[in-house]
Amino acid sequence: MKYPECTRCGKWSPILSAIGNFTISIFKFVVGGLTGSKGLMADGVHSIADGVSSLFVLIALRISGKPKDAGHPYGHGKVEYISTISAALFIFLCATLILIDALHSFKDGSHAIPGNAALLATVISLFYSYLMYTSNTCAGTQLNSPAMLADAAESKADSLTSVAVLLGLIGTKLGFIYSDTVAAVVVSIFVFHIGVEMFMKGVHGLIDISMDRDTLEDIKNICQRVRGIEGVRAIRSRCMGQKCSVDIDIEVARTFTVLETHTMVEQVKAIILNKIEGLDAVFVRAYPIEKWRFWN
């Protein structure tokens with residue numbers, strides 16, 4: 001974590017995101033309905049999905065923040081991945097509704113020209129979505145929170161769809177009567193895409209995704225710099241929400257006593273926990289080896 005304030009930002013960012021997304025969705029629906037903009041109405045549905053996603057994040061962060069207990073010795077971090085999958089499924093539903101409505105418009109041949117207020121509303125919504133994207137990305141990255149990063153991805157998708165809606169509105173004003181409806185289709189595609197990404201991230205988290213290779217290499221180098229460790233046999237890691245755990249198999253000379261080996265193991269664990277961020281637990285197993293061999 002870069003700054004101590006990141007924890008406070010991580011607490012308030014999803015709350016403000018949820019409130020803001022529901023507010024902006026009402027704003028889009030009202031303006032879209034009054035001006036006849038299907039693209040803006042579709043974007044309003046997307047904002048509702050953002051709001052629901054933010055609610056999932058709030059619930060997940062509250063549960064995942066609970067301390068370990070006898071029934072959950074590794075904590076409750078995987079709840080964040082469940083919330084990510086839940087939000088993704090809801091997003092798929094919203095994208096389907098948007099696409100069906102747009103296809104009906106093409107079939108019926110309805111193409112009302114939106115009013116000028118729709119342009120201003122889209123610009124406001126674009127600015128807000130980008131603001132939420134930067135806030136949630138910063139907090140989610142610093143806290144290593146999959147749920148908050150999923151919420152940030154939602155805000156990013158909302159920004160992109162607002163751009164699509166804006167271009168559709170401009171096209172309609174220039175005489176391309178189906179531009180706004182085409183924008184609604186583009187919005188649905190963006191929503192589908194972000195939903196797939198969120199769903200896959202949630203699935204990978206539930207099946208114990210590993211830490212990145214660079215971090216594992218850093219852990220290996222730390223072990224090899226500790227006096228008495230002859231080598232590293234294996235390193236396995238699993239991430240559970242904001243925290244990860246790592247299992248390390250090290251090789252030590254069989255001439256060390258049990259106490260000396262135990263001291264070495266505890267030293268490795270302390271150094272790794274101090275130098276590697278985002279770790280909740282480090283498990284080290286020591287395997288005795290012959291340091292010098294004069295035979296095959």
Side-chain angles (χ1 to χ4, degrees), residues 1-11 13 60-82 84 137-149 201 204-293:
M1 190 161 29
K2 193 173 182 180
Y3 304 109
E5 294 80 6
C6 291
T7 302
R8 185 170 67 251
C9 183
K11 177 182 177 181
S13 188
L61 291 176
R62 182 175 293 274
I63 296 175
S64 65
K66 291 182 178 180
K68 300 176 182 178
D69 53 44
H72 306 86
Y74 289 97
H76 305 77
K78 285 195 174 182
V79 173
E80 292 199 37
Y81 298 117
I82 296 176
T84 301
T137 299
C138 180
T141 301
Q142 295 301 324
L143 298 177
N144 193 32
S145 171
M148 290 190 67
L149 289 175
K201 286 181 181 178
H204 288 159
L206 288 178
I207 57 177
D208 290 343
I209 190 170
S210 175
M211 301 175 72
D212 63 87
R213 292 184 179 181
D214 291 339
T215 301
L216 294 179
E217 188 65 27
D218 290 341
I219 293 174
K220 181 179 180 180
N221 292 334
I222 290 173
C223 293
Q224 292 175 333
R225 285 196 293 266
V226 175
R227 182 178 176 274
I229 295 180
E230 302 299 329
V232 178
R233 284 192 178 184
I235 300 179
R236 295 171 295 277
S237 64
R238 57 188 300 210
C239 293
M240 297 153 286
Q242 300 181 28
K243 298 294 183 180
C244 299
S245 64
V246 61
D247 295 272
I248 308 170
D249 297 339
I250 61 173
E251 296 176 339
V252 298
R254 65 173 62 248
T255 54
F256 284 113
T257 65
V258 173
L259 179 59
E260 289 172 332
T261 302
H262 174 74
T263 302
M264 197 182 307
V265 166
E266 291 301 314
Q267 181 183 1
V268 170
K269 291 166 64 175
I271 295 174
I272 292 175
L273 286 171
N274 182 55
K275 290 186 176 293
I276 305 297
E277 291 187 2
L279 279 179
D280 183 54
V282 177
F283 305 95
V284 181
R285 285 183 293 271
Y287 290 85
I289 63 169
E290 293 287 349
K291 188 173 182 180
W292 301 104
R293 294 180 182 270

Enquirer: Within the 4.5 Å heavy-atom criterion, are Ile272 and Cys223 side-chain neighbours or not?
Expert: yes
Enquirer: Step by step, work out the salt bridge (Lys or Arg N to Asp or Glu O under 4.0 Å) result for Asp247 and Arg238.
Expert: CA-CA 9 Å; Asp247 295 272; Arg238 57 188 300 210; over 6 Å; no
Enquirer: Could you grab the distance from atom OG1 of Thr261 to atom CD of Glu266, nearest 0.5 Å is fine?
Expert: 12.0 Å
Enquirer: Could you pull out the closest heavy-atom pair between Phe283 and Ser245, with the gap in Å?
Expert: CE1-CB, 4.3 Å
Enquirer: Does the side chain of Val284 reach to within under 4.5 Å of the side chain of Met264, using non-hydrogen atoms?
Expert: no
Enquirer: Where is the tightest heavy-atom contact between Arg254 and Pro288, given as atom of each residue plus distance?
Expert: CB-CB, 3.8 Å
Enquirer: Output the distance between atom CE (Met211) and atom CD1 (Ile235), rounded to the nearest 0.5 Å.
Expert: 10.0 Å
Enquirer: If you compare all heavy atoms of Lys201 against all heavy atoms of Tyr81, which two are closest, and at what distance to 0.1 Å?
Expert: O-CD2, 4.0 Å
Enquirer: Test: side-chain hydrogen bond (donor to acceptor under 3.5 Å, both in side chains). Region: residues 210-220. Which pairs qualify, not counting sequence neighbours?
Expert: Ser210-Ser237, Asp212-Thr215
Enquirer: In Å, rounded to the nearest 0.5 Å, how long is the span from CD1 of Ile248 to CZ of Arg233?
Expert: 14.5 Å
Enquirer: Less than 4.5 Å apart, any side-chain heavy atom of Ile276 and any of Ile222?
Expert: yes
